[in-house]
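Everything quoted here is computed from the prediction, not taken from an experiment.
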Amino acid sequence: EPRFAINTVIGNQISAYKVLQNIASVFRGMTYWASNTVNVGADHGNLDGSDIDPVHLYNNSSVIDGVFSYSGTSVKTRSTKIRVNFNDPNNNFKIDQVVIEDESLTAKFGVQEKEIVAFGCTSKYQAQRMGQYILKSEELDAEIVTFSTGLDGLFVLPSQVFAVADLMRAGQRTGGRVSSATTTVITTDQTVQLPSGNNKKLSCILSDGTLETRDISDNSGTTITVSSAFTSAPLAQSVYVISTDSVQTQKFRCINITDN
């Protein structure tokens, strides 16, 4: 059967935005308002199963006061049992339920039950997948990062993935600002000490705002040379991040942006 399907009739007058939110929930999507239009993003991986590449970088030099604030989700929000309501076509489309439960989570957090409605769902198996998705999301997405940034950090929209290089967590400085650059040589704002580990890579923001990563071939003082050229020269005063097999950036998905 299709991974996502909707089978419903909208018979009552309700907010158009609410209807769009309900429809987006079918494919694990989220709606948000930007540029005077309704936009939709979805919590999906790449079709080939590979990791999602971040669209932007943040390090301590690009956030106000250089501070990332971390918080964990409440234990009360980590469900161990999900009841999913769906319309059963084998019973005249009356409401039925499937129950998804994780015994290991129950042993850890106790019984914490949540009941949800699978909008437009007439498949027991699609309802099961939705329950499993929510169960795993609440288990694995247990950390939230918040920070303030300037206009140069406004490249990320809700639902997009971004990377964070925090020296307080890495134990050393792995990023900073680009003073000047060509397509193969980057001059940084401070002396660079490459972190331990193999497979050293440099990630930079290009002039068009895109993020590219290249292997590092050499480093001396404030100069980093990459083995293959960037598509265009990294933007001056933009951020850069160095990663290795031992020191990686943290990935987060943007869920909210506020303007102060």
Side-chain angles (χ1 to χ4, degrees), residues 1-33 38-55 71-145 156-162 250-256:
E1 66 175 24
R3 185 180 183 187
F4 303 110
I6 182 171
N7 185 6
T8 189
V9 174
I10 301 174
N12 299 321
Q13 183 176 355
I14 59 175
S15 165
Y17 190 72
K18 180 63 176 177
V19 173
L20 293 176
Q21 286 180 312
N22 290 336
I23 294 174
S25 71
V26 174
F27 54 87
R28 304 171 191 167
M30 61 183 297
T31 59
Y32 60 95
W33 184 263
V38 177
N39 296 267
V40 180
D43 188 5
H44 294 172
N46 293 324
L47 294 178
D48 60 1
S50 60
D51 291 339
I52 297 178
D53 294 325
V55 300
S71 60
T73 56
S74 171
V75 172
K76 294 181 180 180
T77 66
R78 302 183 192 180
S79 304
T80 61
K81 187 177 184 179
I82 306 286
R83 293 184 181 273
V84 185
N85 294 318
F86 73 103
N87 298 98
D88 188 357
N90 297 319
N91 190 23
N92 295 320
F93 293 93
K94 292 182 179 179
I95 294 177
D96 199 354
Q97 283 189 339
V98 294
V99 179
I100 309 298
E101 187 173 7
D102 190 314
E103 294 182 357
S104 63
L105 291 178
T106 302
K108 186 176 182 180
F109 300 118
V111 178
Q112 300 193 112
E113 188 173 317
K114 174 183 287 186
E115 184 172 340
I116 63 172
V117 176
F119 181 78
C121 178
T122 56
S123 166
K124 176 178 69 175
Y125 303 105
Q126 182 175 333
Q128 287 177 344
R129 291 193 294 272
M130 175 171 282
Q132 290 169 347
Y133 165 76
I134 293 176
L135 206 64
K136 284 299 181 184
S137 294
E138 293 181 358
E139 176 190 3
L140 300 175
D141 298 341
E143 186 174 52
I144 298 173
V145 61
V156 180
L157 295 172
S159 80
Q160 292 183 325
V161 174
F162 61 90
Q250 306 170 85
K251 286 185 180 180
F252 293 91
R253 187 179 296 277
C254 178
I255 58 175
N256 189 35

Looking at side-chain heavy atoms only, is the closest gap between [X] and [Y] below 4.5 Å?
| X | Y | answer |
| --- | --- | --- |
| Lys124 | Asp88 | no |
| Phe86 | Thr122 | no |
| Arg253 | Ile52 | yes |
| Val75 | Gln112 | yes |
| Asn87 | Ile95 | yes |
| Leu157 | Asn39 | no |

Quiz prompt | With Glu113 via side-chain hydrogen bond (donor to acceptor under 3.5 Å, both in side chains) - residues at least two apart | solution =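 side-chain hydrogen bond (donor to acceptor under 3.5 Å, both in side chains) check on Glu113 returns Arg83.
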Self-check item: Under the side-chain hydrogen bond (donor to acceptor under 3.5 Å, both in side chains) test, residues paired with Arg28 that sit two or more places apart
Solution: none
Quiz: residues 128-135 side-chain donor-acceptor pairs under 3.5 angstrom, not counting sequence neighbours:
unit_1	atom_1	unit_2	atom_2	d
Arg129	NH1	Glu1	OE2	3.2
Arg129	NH2	Glu1	OE2	3.0
Arg129	NH2	Pro2	O	3.3
Arg129	NH2	Arg3	O	3.0
Tyr133	OH	Asp43	OD2	2.7

Quiz item: Which atom pair, heavy atoms only, marks the closest approach of Ala127 to Val98?
Solution: CB-CG2, 3.7 Å
Practice problem: Can you see which heavy atom on Gln126 is nearest to which on Cys121, and at what distance? | Solution: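 Closest heavy-atom pair between Gln126 and Cys121: CB-SG, 3.9 Å.
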Exercise. Find the distance between CD (Gln21) and CD1 (Ile14) and round it off to the nearest 0.5 Å.
Key: 9.5 Å
Self-check item: Between CD1 on residue Ile144 and CD1 on residue Ile255, distance to nearest 0.5 Å
Solution: 5.0 Å
Quiz item: Pick one: which of Glu143, Arg78, Glu138 meets side-chain hydrogen bond (donor to acceptor under 3.5 Å, both in side chains) with Thr73?
Solution: Arg78
Quiz item: Can you list the residues that meet the ring pair (Phe, Tyr, Trp, His ring centres under 6.0 Å) rule with Phe119, with sequence neighbours excluded?
Solution: none
Self-check item: Inter- and intrachain pairs under salt bridge (Lys or Arg N to Asp or Glu O under 4.0 Å), touching residues 94-110, at least two apart
Solution: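 Qualifying pairs: none.
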Practice problem: Run the numbers on Phe252 and Gln250 for side-chain contact (heavy atoms from CB on, under 4.5 Å), then give the verdict. | Solution: CA-CA 7 Å; Phe252 293 91; Gln250 306 170 85; 3.6 Å; yes
Quiz prompt | Qualifying ring pair (Phe, Tyr, Trp, His ring centres under 6.0 Å) pairs, either residue in residues 2-25, two or more places apart | solution = Phe4-His44
